[in-house]
Amino acid sequence: GVDIDEPGLAAARERFGERVEFSLARGEALPFEDGSMDVVVFNHIYEHVVDPESVVADIHRVLSPTGVLYLVLLAAWAIVATRTLGFLRA
């Protein structure tokens, strides 16, 4: 998991232990290699970021060529988009 809230990350580390890796980072500068993620879950976050276009651009950067973004907005509906469908293409 990635978040900008260190106390929240500390609580998550305590709860999940070694089963999940957590990183303190901004969505505009994800600490992962290009094309290294098969799935990105962006759950109820989009409407809270300052620069959503930059965040989505960095998600695009880290997704593998066949990667999938699971995006939930305002709890009203969800989009599951594959990178190959062009959803994240600039």
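Residue numbers start at 1 and run along the sequence shown. Note that the coordinates shown come from a computational prediction; the quantities given were computed from them, not determined experimentally.
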- Message: On a heavy-atom basis, which atom in Asp5 and which in Leu24 lie closest, and how many Å separate them?
- Response: N-CD1, 4.1 Å
- Query: Are Val2 and Phe22 grouped together when hydrophobic residues (ILVMFWY) are joined by side-chain heavy atoms under 4.5 angstrom apart?
  - Reply: no
- Under 6.0 Å from the CD1 atom of Ile4, do we count more than 12 heavy atoms belonging to anything else shown? no
- Message: Ignoring hydrogens, what is the shortest heavy-atom contact between Arg15 and Arg19? Give both atom names and the distance.
- Response: O-NH2, 3.6 Å
- Could you tell me which non-hydrogen atom of Val56 sits nearest to which non-hydrogen atom of Tyr46, and how far apart they are? CG2-CE1, 3.8 Å
- Taking every heavy atom of Asp58 against every heavy atom of Gly27, the minimum-distance pair comes out as CB-O, 3.4 Å
- Note on the structure: CE of Met37 to CD1 of Ile59, rounded to nearest 0.5 Å, is 11.5 Å
- Query: Could you state the interatomic distance from CZ (Phe32) to CG (Leu63), rounded to the nearest 0.5 Å?
  - Reply: 11.5 Å
- Task: Check salt bridge (charged side-chain N to carboxylate O under 4.0 Å, His left out) between Glu6 and all other residues, then give those that pass, not counting sequence neighbours.
- Result: Arg13
- Checking Asp3 side chain against Leu9 main chain: does a donor-acceptor pair fall under 3.5 Å? no
- Partners passing salt bridge (charged side-chain N to carboxylate O under 4.0 Å, His left out) against Asp34 (at least two apart in sequence or in another chain): Arg61
